[in-house]
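Remarks on the structure that follows.
Below, chain A is the first sequence line, B the second, and so on; all start at residue 1. In this text, all values refer to a predicted model and were calculated from it rather than measured experimentally.
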Amino acid sequence: MAKELTSRAADYSQWYNDLVIKSGLADHSAVRGCMVIKPYGFALWENMRDQLDRMFKETGHVNAYFPLFVPKSLFEAEEKNAEGFAKECAVVTHYRLKNDPDNKGKLIVDPEAKLEEELVIRPTSEAIIWNTYKNWIQSYRDLPILVNQWANVVRWEMRTRLFLRTAEFLWQEGHTAHATKEEAVEETIKMLHVYADFVEQYMAVPVIKGVKTANERFAGAEDTYCIEALMQDGKALQAGTSHFLGQNFAKAFDVKFSDKSNQLDYVWATSWGVSTRLIGALIMAHSDDEGLMLPPRIAPIQVVIVPVYKGEDSKAVIDEKANSIISKLKALGVRVKYDNSDNSRPGWKFAEYELKGVPVRIAMGLRDIENNVVELARRDTKEKSSVSLDGIDIYVHQLLEIIQQNMFNKAKTFQQANITKADTWDEFVQILDEKAGFVSAHWDGTPETEEKIKEQTKATIRCIPLDNQPEMGVCVLTGKPSTQRVLFARAY
RNA sequence: CGGGAUGUAGCGUAGCCCGGUUAUCGCGCCUGGUUUGGGACCAGGAGGUCGCAAGUUCGAAUCUUGCCAUCCCGACCA
């Protein structure tokens with residue numbers, strides 16, 4: 001049929017590309033590397049965003065908005081951060097176009113309108129925000145500052161994929177300022193846990209919490225914490241990061257405060273973010289060859305009702321019964337859609353809502369109504385059953401939670417089954433090539449070894465898990481002593 | 001950014017090598033009818049800057065050059 005997907009086995013990468021477009025989440029645009037997030041995809045993002053926003057507010061944060069443009073002189077103030085992003089910055093150099101005198105109807109950049117100082121389009125907002133915080137902070141009484149912003153950022157990527165890596169993407173970035181190092185570290189870890197809770201409980205994607213090695217650390221950070229998720233093809237995906245920035249930005253932007261004993265000190269900072277990339281993680285963690293599989297808590301449509309009728313008379317009967325179910329479901333807060341359009345037949349609708357990942361489908365015809373039942377299909381297990389109309393609202397409401405749990409459990413089982421220990425180089429390489437997933441191995445702690453392993457296997461250290469147990473061993477590459485295992489994987 | 005491939009109606013495509021009436025077919029779309037429990041059927045119909053721009057030619061979807069976008073590989077990717 002027209003909407004058939006490439007199967008995962010045939011070409012995982014193509015399956016993903018097909019799925020994003022055919023399920024109606026997003027499209028390519030006329031701009032290289034930039035996507036159009038379509039209404040269905042945006043509804044999904046809104047559900048994710050709204051829940052995260054609630055969680056940020058529960059932990060004491062407030063929202064604000066800072067400019068898209070960052071003057072180059074501000075951008076370069078924190079050197080490591082600037083250097084890290086320099087290669088992928090879009091830069092505004094002019095502020096005006098004019099008619100092309102040699103080519104009627106065309107426009108050219110007006111050379112008269114060159115900016116005195118170029119404006120960098122934010123790849124992240126530390127610079128503009130810390131330049132602002134300088135004006136907000138004088139005393140310990142002004143701290144902490146716990147601000148988040150929802151924004152778009154631009155990183156000029158050479159190779160892009162819908163949701164996973166686009167030149168422009170949507171995200172949130174939290175930027176906090178604290179009086180003490182301890183408080184800033186605590187904030188960094190707290191937000192990592194918020195991310196992990198969100199991704200596991202709402203997206204039903206299990207993650208591993210950890211800290212990045214120096215090689216993988218955010219430019220300008222003292223420590224970068226992350227949550228790492230595992231995709232069905234065995235590749236890892238960084239789903240969120242939280243950075244302890246030390247006093248690096250405070251020093252770069254000269255942000256000092258007076259403490260209780262009137263001593264001046266630099267402010268301690270954190271930043272943390274998740275982006276529309278999470279949607280890529282969601283797709284690759286759960287979906288199958290029939291389409292998306294969305295966890296109920298964030299699915300734009302949780303239940304779809306499809307009537308099966310013969311003629312207008314029966315349709316009227318089914319409509320009436322369906323509407324009574326819908327009002328009961330809505331009263332329980334269930335997002336339900338009734339698709340009684342006459343444009344397509346039931347079978348077509350079944351396939352379409354499977355493609356779109358709707359967790360529960362209810363089909364009802366005259367035969368069902370006579371028997372006081374509906375046909376109910378679960379997207380996660382593909383099970384169909386006949387369910388009594390009595391208490392159907394309660395049943396569905398509970399089923400949505402069961403599906404949510406089942407999706408998480410299934411993904412968790414997969415994740416656990418794909419963390420493999422390797423104690424020799426041969427084992428290490430073999431696991432990466434034949435099984436993939438995370439490989440838990442000893443590493444001598446040097447960036448050089450990490451780099452060599454990356455060159456030889458394309459695997460990087462995803463993180464040093466926070467719940468790591470100390471264990472003596474020897475580095476899988478160099479044989480040098482090591483005190484703990486770290487997680488390697490090939491990654492998105 | 002380097003190497004390779006692709007671009008023809010909303011989608012998938014034939015035609016291109018070897019230039020020549022009105023650009024092929026399927027799905028989808030519109031109208032009417034019959035249908036409706038896993039991607040319906042019949043009849044009629046609409047829909048095209050052949051990715052964009054130059055060039056060669058009497059004539060370009062077809063040949064040449066440049067550009068744009070997408071896919072794959074590589075480099076890069078806090």
Worksheet item: For atom P, what is the distance between A54(B) and C72(B), given to the nearest Å?
Response: 32 Å
Output one line per pair: protein atom, nucleotide atom from nucleotides 72-74 of chain B, and distance, for all N/O pairs under 3.5 Å.
residue, atom, partner, partner atom, Å
C72(B), OP1, Ser13(A), OG, 2.7
C73(B), OP2, Arg159(A), NH2, 2.2
G74(B), OP1, Lys458(A), NZ, 2.4

Discussion item. What's Ala363(A) touching, base or sugar-phosphate or nothing? Going by heavy atoms closer than 4.0 Å.
Written reply: base
Discussion item. Please list, in numerical order, the residues of residues 368-375 of chain A that have a heavy atom closer than 4.0 Å to any atom of RNA chain B.
Written reply: Asp368(A), Glu375(A)
Could you tabulate the donor-acceptor pairs under 3.5 Å formed by side-chain atoms of residues 310-317 of chain A, not counting sequence neighbours?
residue, atom, partner, partner atom, Å
Ser314(A), OG, Lys310(A), N, 2.9
Ser314(A), OG, Lys310(A), O, 2.8
Ser314(A), OG, Gly311(A), O, 3.0

Item to complete: Could you work out the separation of U21(B) and G59(B) based on their C1' atoms and round it to a whole Å?
Response: 12 Å
Worksheet item: Which part of the nucleic acid does Ala221(A) contact within heavy-atom distance under 4.0 Å: base, sugar-phosphate only, or nothing?
Response: nothing
Could you go through residues 364-375 of chain A and list every donor-acceptor pair under 3.5 Å that involves a side-chain atom there, pairing it with any protein atom two or more places apart or in another chain?
residue, atom, partner, partner atom, Å
Asp368(A), OD2, Gly365(A), N, 2.9
Asn371(A), ND2, Arg367(A), O, 3.1
Asn372(A), ND2, Asp390(A), OD1, 3.3
Asn372(A), ND2, Asp390(A), OD2, 3.2

Discussion item. Whole angstroms only, please: what is the NZ-C1' distance between Lys321(A) and G37(B)?
Written reply: 19 Å
Discussion item. Can you measure Glu83(A) atom CD to C76(B) atom P for me and round it to whole angstrom units?
Written reply: 15 Å
Worksheet item: Does the base of G38(B) carry an N or O that pairs as donor and acceptor with the side chain of Lys384(A) under 3.5 Å?
Response: yes
Discussion item. Roughly how many Å apart are A60(B) and C18(B), using the C1' atom of each and rounding to a whole number?
Written reply: 14 Å
Practice prompt. Quote, to the nearest angstrom, the P distance that separates G15(B) from U31(B).
Written response: 34 Å
Worksheet item: Which part of the nucleic acid does Gly33(A) contact within heavy-atom distance under 4.0 Å: base, sugar-phosphate only, or nothing?
Response: sugar-phosphate
Item to complete: Return no unless some side-chain N or O of Arg165(A) is found under 4.0 Å from OP1 or OP2 of C77(B).
Response: no
For residues 186-193 of chain A, tabulate all N or O donor-acceptor pairs below 3.5 Å that involve a side-chain atom, not counting sequence neighbours.
residue, atom, partner, partner atom, Å
Glu187(A), OE2, His61(A), NE2, 2.7
Glu187(A), OE2, Trp272(A), NE1, 3.4
Thr188(A), OG1, Ala184(A), O, 2.8
His193(A), ND1, Lys209(A), NZ, 3.1

Item to complete: Could I get the full list of salt bridge (Lys or Arg N to Asp or Glu O under 4.0 Å) partners for Arg122(A), not counting sequence neighbours?
Response: none
Worksheet item: Whole Å only: how far is the CZ atom of Arg367(A) from the C1' atom of G38(B)?
Response: 13 Å
Fill in: Runs of at least three consecutive pairs that involve RNA chain B, where pairs are Watson-Crick or G-U with distances under 3.5 Å
B:1-7 with B:68-74, B:10-12 with B:25-27, B:29-34 with B:40-45, B:51-55 with B:63-67
Fill in: Which residues share a salt bridge (Lys or Arg N to Asp or Glu O under 4.0 Å) with Glu354(A), sequence neighbours left out
Arg361(A)
Worksheet item: side-chain contact (heavy atoms from CB on, under 4.5 Å) between Val358(A) and Lys337(A): does it pass, once the steps are laid out?
Response: CA-CA 10 Å; Val358(A) 176; Lys337(A) 172 174 175 165; over 6 Å; no
Practice prompt. Nearest whole angstrom, please: distance from the C1' of A75(B) to the CD of Glu451(A).
Written response: 13 Å
Fill in: Considering all heavy atoms, the nearest Glu450(A)-Thr213(A) contact
OE2-OG1, 2.8 Å
Practice prompt. Sort out for me which residue in Asn63(A), Thr176(A), Leu52(A) forms a side chain to side chain contact (heavy atoms under 4.5 Å, CB included) with Asn148(A).
Written response: Asn63(A)
Response to the item:
Glu88(A) CD to C1(B) P, in whole Å, measures 14 Å
Item to complete: Between G38(B), G39(B), G37(B), spot the one nearest the side chain of Trp348(A), thanks.
Response: G39(B)
Fill in: Atom P, compared across C16(B) and U57(B): separation rounded to whole Å
24 Å
Could you tabulate the donor-acceptor pairs under 3.5 Å formed by side-chain atoms of residues 74-91 of chain A, not counting sequence neighbours?
residue, atom, partner, partner atom, Å
Glu78(A), OE1, Lys80(A), N, 3.3
Glu78(A), OE1, Asn81(A), N, 2.8
Asn81(A), ND2, Ala219(A), O, 2.9

Worksheet item: Within 45° of the six-membered ring axis of Tyr492(A) and under 6.0 Å from that ring's centre, is NZ or CZ of Lys235(A) located there?
Response: yes
Fill in: Partners meeting ring pair (Phe, Tyr, Trp, His ring centres under 6.0 Å) with Phe488(A) (sequence neighbours left out)
Phe428(A)
Worksheet item: Starting at CD1 of Ile21(A) and ending at P of A69(B), how long is that distance when rounded to a whole Å?
Response: 16 Å
Worksheet item: Quantified in whole Å, what is the P atom distance between nucleotide G66(B) and nucleotide A75(B)?
Response: 27 Å
Discussion item. Counting the atoms with a prime plus P, OP1 and OP2 as sugar-phosphate, which does Gly84(A) contact under 4.0 Å by heavy atoms, base, sugar-phosphate, or nothing?
Written reply: nothing
Item to complete: Using the P atom on both, measure C29(B) against C11(B) and round to a whole Å.
Response: 15 Å
Worksheet item: Expressed in angstrom and rounded to an integer, what is the separation of Lys349(A) atom NZ from A40(B) atom P?
Response: 11 Å
Worksheet entry | Asp18(A) CG - C71(B) C1' separation (whole Å) | 11 Å
Worksheet item: Reckon Glu290(A) touches a base, only the sugar-phosphate, or nothing at all at heavy-atom distances under 4.0 Å?
Response: nothing
Discussion item. Restricting to non-hydrogen atoms, name the atom on Ala127(A) and the atom on Val70(A) that form the minimum distance, rounded to 0.1 Å.
Written reply: CB-CG1, 4.0 Å
Worksheet item: Expressed as a whole number of Å, how far does the C1' atom of G33(B) sit from that of A61(B)?
Response: 39 Å
Discussion item. Can you confirm whether more than 12 heavy atoms, excluding those of Trp156(A), are under 6.0 Å from its CH2 atom?
Written reply: no
Worksheet entry | Trp443(A) (side chain) donor-acceptor with Thr446(A) (main chain) under 3.5 angstrom | yes
Item to complete: Sort and list the pairs that fulfil side-chain hydrogen bond (donor to acceptor under 3.5 Å, both in side chains) and have at least one residue in residues 6-15 of chain A, not counting sequence neighbours.
Response: Thr6(A)-Asp18(A), Arg8(A)-Gln232(A), Arg8(A)-Asp289(A), Ser13(A)-Arg161(A), Gln14(A)-Asp18(A)
Using the 3.5 Å cut-off, write out each protein N or O paired with an N or O of nucleotides 33-36 of chain B and the distance between them.
residue, atom, partner, partner atom, Å
U36(B), O4', Arg345(A), NH1, 3.3
U36(B), O2', Tyr309(A), O, 3.2

Fill in: Upstream residue (5' side of RNA chain B) when Glu157(A) and Arg32(A) are each assigned their closest nucleotide
Arg32(A)
Practice prompt. Quick one: label Arg361(A) by what it contacts on the DNA or RNA (base, sugar-phosphate, nothing), any heavy atom closer than 4.0 Å.
Written response: base
Response to the item:
In short, Tyr40(A) meets Lys356(A) closest at the heavy-atom pair OH-O, 2.6 Å
